[in-house]
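One structure, as structure tokens, below. Some questions next.
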Amino acid sequence: MTRVAPSPTGRPHIGTALQALIDRAIAQRTGGIFILRIEDTDQKRLDPLALKEILEALEWLGLRPDEGPGIGGAYGPYVQSERLPLYRAAAEWLVEHGFAYYCFCSAERLEALRKEQVAAGQTPMYDRHCQSLAPSQARQRKEAGEPCVVRLRVPRGRVISLTDPLRGEISFQSDLIDDQVLLKSDGFPTYHLAVVVDDHFMRVTTVVRGEEWISSTPKHLLLYEYFGWQAPRLVHTPLLRDSSRRKLSKRAGDTSIEWFRSQGYLPEGLRNFLSRIIWAHPQEKDIYSFSEFASLFRIEDMSRAGPVVDRDLLEHINSQYLRELSPEEFYQELLGYVERLAARGEPVAIEVVGKEEQAVTVLSAEELRRWQAALARDPAYSKRVLQVERERFRKLADVLLQYGFFFAELFQVPEPALLAKHLGSGELAARLLQEYGRRYDHGATQEEWEAMVRGLAEEAGVKARALFMTIRVALTGAERTPPLYEIQQVLGEQEVRRRVASAIEALLAETLPEENKA
RNA sequence: GCCCCCAUCGUCUAGCGGCCUAGGACACCACCCUUUCAAGGUGGAGACACGGAUUCGAAUUCCGUUGGGGGCACCA
């Protein structure tokens, strides 16, 4: 029995995906159940869209929970704000049995106390001021309507230890543990109370959470002890790092599952990547299915150090999955991807990983719409385009960055300067393109075509390479493209001739501006 | 400041006392292929943080140092 318990604030984080991946794998392997629970106990940070996005993200990744909000299950509700009476009863029970107490300290007093402690070089901690209140007196004040919280009563002089299957035994001095607030004055529980109560009643047996929770675990253990419940297995996964080795923070922006999706990574690619950086396949394989992961994965084999999210590796893994798609699947994936981006009606920044570091290309909403139209207009043609050297694509967005020229609505007649660049002269370029047009035979084989171009270059006394480049620019508007012969075959004779003509026209307009106008 | 976690090539890691003159993958470099850019092929460079201890023998065990990270809220 596993669960993932994100709080609905902001976009679903990639770390949540990692947790869910592990949870789903453990559940699969042990024949258990994987639960989604929403931890919305912080009323100030709620994001109304978050629940929908979490469900959508998990669905996309193929990590569907067995129980959860919008999914069902016998142990709900699965949203904490709908379970308030449970937490209140639990808090009351703790107070009654002396394991917790009411605290009436004001925010101001706590703030002043904290400042004082920090100034004195101490660890900020509640001074247990209200612990000395007589229970009857405290109850009276509470019933009189005085705002209060419920605090955990942490014993003195004890060692509290947990056994993390990944890290072994970890011990804490109870004297260093704060009397945590369990129930806030607004009646909502804090994470610490809610997580223990829910995991117990939802009969969770394995908790997989980030390393950042290790230090609050003794509080949870104390609660299990007080309630007389058996604590689940608590596993703390390493934290994903950015390239400067910091923990990936939501504020950095590029850490949401949605961001990875918008870059054109396939769910399988992202999933494989995440498992790959926290775990090593016994045969050192890099590419493996989820079911293979689920059957081989063991918690103890996870790495303990926080891995850097390496985009190069992600791209490599993703490209392997891209290659496995059939032409039809590839087309459908891309179409779905573009439709989704276009529907957002806003520009998308695509990060180009590799060579030029930090290169970002922004696709406008208009360009995305054009892509959508272009891909849908003639599916057969689009599929043919996508088969041209598709090994060059590492993510779906690469198609948008590289293959626009195949489509009329995305092709732009190149600048004269670019057309003239490789031959050094616009006039010469125009003349040779003209001759190229004359000699061009769409039915020629690649060898024949190539011989023709080389012959033409030789006659004109120019380098074949320069002529090829000029034709390339005329046909595509770009200098880095798939091989020309293939492009021409896909484009079709008519379009090839049209583009050559447009290029010549552009060159002539530039070379003889005045005469032409007149 | 206090508490906790972690530590093998740039990155992800294999290694669980002798198979290690440390293996793989990504990235990088060179060459080949080549009409550009990719892809592909071949080759190359590249790491056990440091200091003690245990042992016949340590990347592997123990201790310390250093470094990195996380946590110390009526946030999760």
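Naming: A, B, ... by sequence-line order, numbering from 1 per chain.
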Practice task
May I have the distance from A:Arg167 (atom CZ) to B:C3 (atom P), rounded to whole angstrom?
Solution key: 19 Å
Exercise for the section: Report the nucleotide, chosen from B:C74, B:C6, B:U13, that has the shortest atom-to-atom distance to any side-chain atom of A:Ala280. Expected result: B:U13
Practice task
State yes or no: are the ring centers of A:Tyr87 and A:Trp93 separated by less than 6.0 Å?
Solution key: no
Handout entry: Name of the residue among A:His192, A:His200, A:His236 meeting ring pair (Phe, Tyr, Trp, His ring centres under 6.0 Å) with A:His220
Key = A:His192
Exercise for the section: Identify whether the distance between the nearest side-chain nitrogen and carboxylate oxygen of A:Arg88 and A:Glu92 falls below 4.0 Å. Expected result: no
Problem - Phosphate OP1/OP2 of B:C75: any A:Lys44 side-chain N/O under 4.0 Å - result: yes
Exercise for the section: Step through it carefully: locate the ring centre of A:Phe293, locate the ring centre of A:Trp279, and say whether they are under 6.0 Å apart. Expected result: yes
Completion exercise
Atom CD of A:Gln320 and atom P of B:C26 are separated, to the nearest Å, by 8 Å
Exercise for the section: Just call it for A:Arg311: base, sugar-phosphate, or nothing, with non-hydrogen atoms closer than 4.0 Å on any strand. Expected result: nothing
Practice task
Using only heavy-atom distances, decide whether a donor-acceptor pair under 3.5 angstrom links the side-chain of A:Arg276 to the base of B:C12.
Solution key: yes
Exercise for the section: Output yes when A:Glu39 and A:Arg37 qualify as a salt bridge under the 4.0 Å nitrogen-oxygen rule, no when they do not. Expected result: yes
Problem - Nucleotide nearest A:Arg394 when distance is taken to its side chain, options B:C4, B:C74, B:A27 - result: B:A27
Practice task
Could you work out the separation of B:G17 and B:A73 based on their P atoms and round it to a whole Å?
Solution key: 42 Å
Problem - More than 12 heavy atoms from other groups under 6.0 Å of CD on A:Gln122 - result: yes
Exercise for the section: Please work out if A:Arg323 contacts a base, only the sugar-phosphate, or nothing of the nucleic acid, heavy-atom cut-off 4.0 Å. Expected result: sugar-phosphate
Practice task
Please state the P separation for the pair B:A49 and B:A14 - nearest whole angstrom.
Solution key: 14 Å
Handout entry: A:Glu315 with A:Lys395: basic N within carboxylate O range, under 4.0 Å
Key = yes
Practice task
Could you tell me whether the side chain of A:Arg311 reaches within less than 4.5 Å of the side chain of A:Phe273, counting heavy atoms only?
Solution key: no
Problem - Nearest to side-chain heavy atoms of A:Phe172, which nucleotide of B:A76, B:U13, B:C4 - result: B:C4
Fill in the blank from the handout: Expected string for nucleotides 67-72 of chain B under the B/S/- scheme (protein heavy atoms, under 4.0 Å, primed atoms plus P, OP1, OP2 as sugar-phosphate) is --SSSB
Problem - Main-chain N/O of A:Leu166 paired to A:Arg304 side chain as donor or acceptor, under 3.5 Å - result: yes
Handout entry: Given B:C26, B:C75, B:U11, the nucleotide with the shortest approach to the side chain of A:Leu313
Key = B:C26
Practice task
Would you mind checking if A:Arg499 and A:Glu495 are paired as a salt bridge, meaning a charged N to carboxylate O distance below 4.0 Å?
Solution key: yes
Practice task
Would you mind reading off the distance between A:Arg304 atom CZ and B:A7 atom P, rounded to a whole angstrom?
Solution key: 6 Å
Problem - Whole-Å distance separating the CZ atom of A:Phe104 from the C1' atom of B:C74 - result: 14 Å
Practice task
Identify the nucleotide, in any strand shown, that forms a Watson-Crick or G-U wobble pair with B:C72, with both distances under 3.5 Å; if there is none, say none.
Solution key: B:G1
Fill in the blank from the handout: Scanning all shown strands, the Watson-Crick or wobble mate of B:C20 with both distances under 3.5 Å is none
Using atom names, set out every protein N or O paired with an N or O of nucleotides 33-37 of chain B below 3.5 Å, distance rounded to 0.1 Å.
unit_1, atom_1, unit_2, atom_2, d
B:U35, OP1, A:Glu450, OE2, 2.8
B:U35, OP1, A:Arg454, NH2, 2.5
B:U35, O2, A:Arg472, NH2, 2.5
B:U36, O2', A:Glu479, O, 3.2
B:U36, N1, A:Arg472, NH2, 3.3
B:U36, O2, A:Glu479, O, 3.2
B:U36, O2, A:Thr481, N, 2.9
B:U36, O2, A:Thr481, O, 3.2
B:U36, N3, A:Arg472, NH1, 3.1
B:U36, N3, A:Thr481, O, 2.4
B:U36, O4, A:Thr481, O, 3.4
B:U36, O4, A:Pro483, N, 3.0
B:C37, O2, A:Arg392, NH1, 2.6
B:C37, O2, A:Arg392, NH2, 2.1
B:C37, N3, A:Arg392, NH2, 2.9

Exercise for the section: Name the pairing partner of B:C26, where a pair is Watson-Crick or G-U wobble with both distances under 3.5 Å, or state none. Expected result: B:G10
Problem - Whole-angstrom distance between B:G41 and B:C5, as gauged at atom P - result: 45 Å
Exercise for the section: Starting from the 5' end of RNA chain B, give me the residue, A:His281 or A:Cys103, whose nearest nucleotide shows up first. Expected result: A:His281
Handout entry: Distance, C1' atom - from B:A59 to B:G18, rounded to whole angstrom
Key = 13 Å
Handout entry: Watson-Crick or G-U wobble mate for B:U65, both contacts under 3.5 Å
Key = B:A49
Handout entry: B:G23 and B:G46, which share atom name C1', separated by this distance in whole Å
Key = 14 Å
Exercise for the section: For B:C75, take OP1 and OP2 only and decide whether either is under 4.0 Å from a side-chain N or O of A:Lys184. Expected result: yes
Handout entry: Interatomic distance, A:Ile287 CD1 vs B:G24 P [rounded to whole Å]
Key = 18 Å
Handout entry: Under 3.5 Å: donor-acceptor pair, side chain of A:Thr2, backbone of A:Asp23
Key = yes
Exercise for the section: For B:A76, take OP1 and OP2 only and decide whether either is under 4.0 Å from a side-chain N or O of A:Thr41. Expected result: yes
Problem - Ion pair A:Glu258/A:Arg11, N-O distance below 4.0 Å - result: no
Practice task
Determine the contact category for A:Cys105: base if any of its heavy atoms lies under 4.0 Å from a base atom, sugar-phosphate if only primed atoms, P, OP1 or OP2 are that close, otherwise nothing.
Solution key: base
Exercise for the section: Check step by step if side chain to side chain donor-acceptor pair (under 3.5 Å) holds for A:Gln43 and A:Asp186. Expected result: CA-CA 9 Å; A:Gln43 294 295 293; A:Asp186 65 0; over 6 Å; no
Problem - Integer-rounded Å distance: B:G1 P and A:Gln117 CD - result: 17 Å
Handout entry: Listed nucleotide nearest any side-chain atom of A:Asp42, set B:A7, B:C74, B:A76
Key = B:A76
Handout entry: B:C48 to B:U13 separation - C1' atoms, rounded to the nearest Å
Key = 13 Å
Completion exercise
Separation of B:C74 atom P from A:Asp186 atom CG, nearest Å, is 12 Å
Exercise for the section: Assign A:Ser303 to base, sugar-phosphate, or nothing according to its heavy-atom contacts below 4.0 angstrom with the strands shown. Expected result: sugar-phosphate
Problem - Nearest-angstrom distance from the residue atom CD1 of A:Ile214 to P of B:C3 - result: 16 Å
Exercise for the section: Identify, between A:Val149 and A:Glu391, the residue whose nearest nucleotide on RNA chain B lies closer to the 5' end. Expected result: A:Glu391
Exercise for the section: Provide the distance between the two C1' atoms, one in B:C50 and one in B:G67, to the nearest whole Å. Expected result: 10 Å
Exercise for the section: Using the P atom on both, measure B:G24 against B:U42 and round to a whole Å. Expected result: 13 Å
